[in-house]
Amino acid sequence: MIHEISNPVTKTLLNHLREMQTDALRFRHIVQEIARLLAYEALGSETLEEKMITTWQGEQLFGFINEEDLIFVSILRAGLPMIESLTALFPKAPAGFLAMKRDEKTHQSVLYYDRIPECKGKTVVIVDPMVATGGSLCDAISVIKTKLPGKIISLNLIGSPEGLTVVEQKHPDIEMYIAQVDEKLNGQMYIFPGLGDAGDRSYNTPS
Ligand code: PRP
Ligand code: URA
């Protein structure tokens, strides 16, 4: 199921990413902010577990998300600012990494590094700003499914309708929260209007 966020704050931040004068530092900062806005939506119906804590009035029970039941998985490299932001929000949550690179000619994703913690029964939150052809996200979900998580959520900034359909058809059981569904994929398999290459924009590397 795809949930597109309609909040105007999210849309404003996202559209600043499209501006080419947005430098890498601000680009990563905005990506981090949007990651949190997406997480608020995606985790909006999590149950709170009662925990006894010491307050200024003594011992009392209060509700908390059990962050050790969450696992954040970043698709490198453009997902790095997102995972930094979310693991700062939930510092006890384990983090995993999948390094993927789209082949420039075939546009197929190639997995070259995989470091995922134990996921059995847990909620895995995959973060990657872009869903273009959907190949990278589909492959990431397939890898994570082999580790038997309880639930998979994907947080993304921009997707193409074509790529999102591919992910929805291949993995109908996951929940996707996305800041913007753009117009289309272009002939080079980039999202239009999109923002260019999110990894390059984040880290000042030429395309
Ligand atoms: C980008 C992006 C996604 C992928 C999306 O990564 O972060 O992982 O492309 O494209 P797809 O939906 O067609 O698979 P890229 O391969 O450019 O690597 P990078 O993050 O290192 O720049
Ligand atoms: N990767 C990106 O970062 N942007 C696109 O538009 C497509 C793939």
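The neighbour count for Met1 CE, taken as heavy atoms of other residues, nucleotides or ligands under 6.0 Å away, does not exceed 12. For Glu50, the CD atom counts as densely surrounded, since its 6.0 Å shell holds more than 12 non-hydrogen atoms of other residues, nucleotides or ligands. In the displayed structure, His107 atom NE2 is contacted under 6.0 Å by more than 12 heavy atoms of other residues, nucleotides or ligands.
Counting only heavy atoms from C-beta outward, the side chains of Leu17 and Arg201 never approach each other to under 4.5 Å. Side-chain contact between Leu155 and Ile153 is present, with at least one heavy-atom pair separated by less than 4.5 Å. At least one side-chain heavy atom of Tyr112 sits less than 4.5 Å from a side-chain heavy atom of Lys101. Taking 4.5 Å as the limit, some side-chain heavy atom of Leu43 sits within range of a side-chain heavy atom of Leu70. Side-chain contact between Val143 and Asp139 is absent, with no heavy-atom pair separated by less than 4.5 Å. Put simply, the side chain of Ile158 does not reach to within 4.5 Å of the side chain of Val131, judged on heavy atoms. Using a 4.5 Å heavy-atom cutoff, the side chains of Val127 and Val73 are not in contact. Within the 4.5 Å cutoff, the side chain of Thr55 has no heavy atoms near those of the Glu59 side chain.
Taking 4.0 Å as the cut-off between side-chain N and carboxylate O, Arg36 and Glu41 do not count as a salt-bridged pair. Taking 4.0 Å as the cut-off between side-chain N and carboxylate O, Asp173 and Lys145 count as a salt-bridged pair. A salt bridge is defined here as a Lys NZ or Arg NE, NH1 or NH2 lying under 4.0 Å from an Asp or Glu carboxylate O, and Arg26 with Glu33 fails to meet this definition.
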**Request:** Begin with the C-alpha distance, continue with both residues' side-chain angles, and end with the deciding distance and a verdict on side chain to side chain contact (heavy atoms under 4.5 Å, CB included) for Thr133 and Leu185.
**Result:** CA-CA 8 Å; Thr133 63; Leu185 270 184; 4.2 Å; yes
**Item:** Derivation of the side chain to side chain contact (heavy atoms under 4.5 Å, CB included) call for Phe64 and Lys51
**Value:** CA-CA 7 Å; Phe64 297 86; Lys51 218 168 85 177; 3.7 Å; yes
**Request:** I would like to know whether Leu137 and Asp128 meet side chain to side chain contact (heavy atoms under 4.5 Å, CB included); could you show each step before the answer?
**Result:** CA-CA 8 Å; Leu137 184 55; Asp128 187 348; 5.6 Å; no
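Test Asn156, Thr10, Leu38 against Ile178 for side chain to side chain contact (heavy atoms under 4.5 Å, CB included) and you get one pass: Asn156.
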Could you pull out every donor-acceptor pair under 3.5 Å between side chains of residues 191-198 and any protein atom, sequence neighbours left out?
unit_1: Asp197; atom_1: OD1; unit_2: Gly199; atom_2: N; d: 2.9
unit_1: Asp197; atom_1: OD1; unit_2: Asp200; atom_2: N; d: 2.9
unit_1: Asp197; atom_1: OD2; unit_2: Tyr190; atom_2: OH; d: 3.2

Taking distance alone, no hydrogens or angles, what donor-acceptor pairs closer than 3.5 Å link side-chain atoms of residues 86-94 to residues at least two apart or in another chain?
unit_1: Thr87; atom_1: OG1; unit_2: Ile83; atom_2: O; d: 2.7
unit_1: Thr87; atom_1: OG1; unit_2: Glu84; atom_2: O; d: 3.4

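Here the side chain of Glu118 pairs a donor or acceptor atom with the backbone of Lys120 at under 3.5 angstrom. Without hydrogens or angle criteria, Thr22 side chain to Phe27 main chain gives no donor-acceptor distance under 3.5 Å. Side chain of Asn66 to main chain of Glu68: a donor-acceptor pair is present (N/O by atom type, distance under 3.5 Å, no hydrogens or angles). No donor-acceptor pair closer than 3.5 Å links the side chain of Ser74 to the backbone N or O of Phe97.
Distance OG/Ser136 to CG/Leu76: 11.5 Å, rounded to 0.5 Å. Atom CG of Asp182 sits about 10.5 Å away from atom CD of Glu162, to the nearest 0.5 Å. Atom CG of residue Asp23 and atom OG of residue Ser202 lie 11.0 Å apart, to the nearest 0.5 angstrom. Rounded to the nearest 0.5 Å, atoms CG (Leu13) and CD1 (Ile30) are 6.0 Å apart. Put simply, CE on Met176 and CD on Glu4 are 11.0 Å apart, with the number rounded to the nearest 0.5 Å. One finds the OG atom of Ser160 at 12.0 Å from the CD atom of Gln180 (value rounded to the nearest 0.5 Å).
Taken together through direct or relayed side-chain contacts under 4.5 Å among Ile, Leu, Val, Met, Phe, Trp and Tyr, Val166 and Ile2 form parts of separate hydrophobic clusters.
Counting only residues at least two apart or on different chains, the ring-ring contact (aromatic ring centres under 6.0 Å, His included) pairs with a member in residues 138-188 are His3-Tyr177.
No side-chain N or O of Ser85 forms a donor-acceptor pair with one of Arg28 less than 3.5 Å apart.
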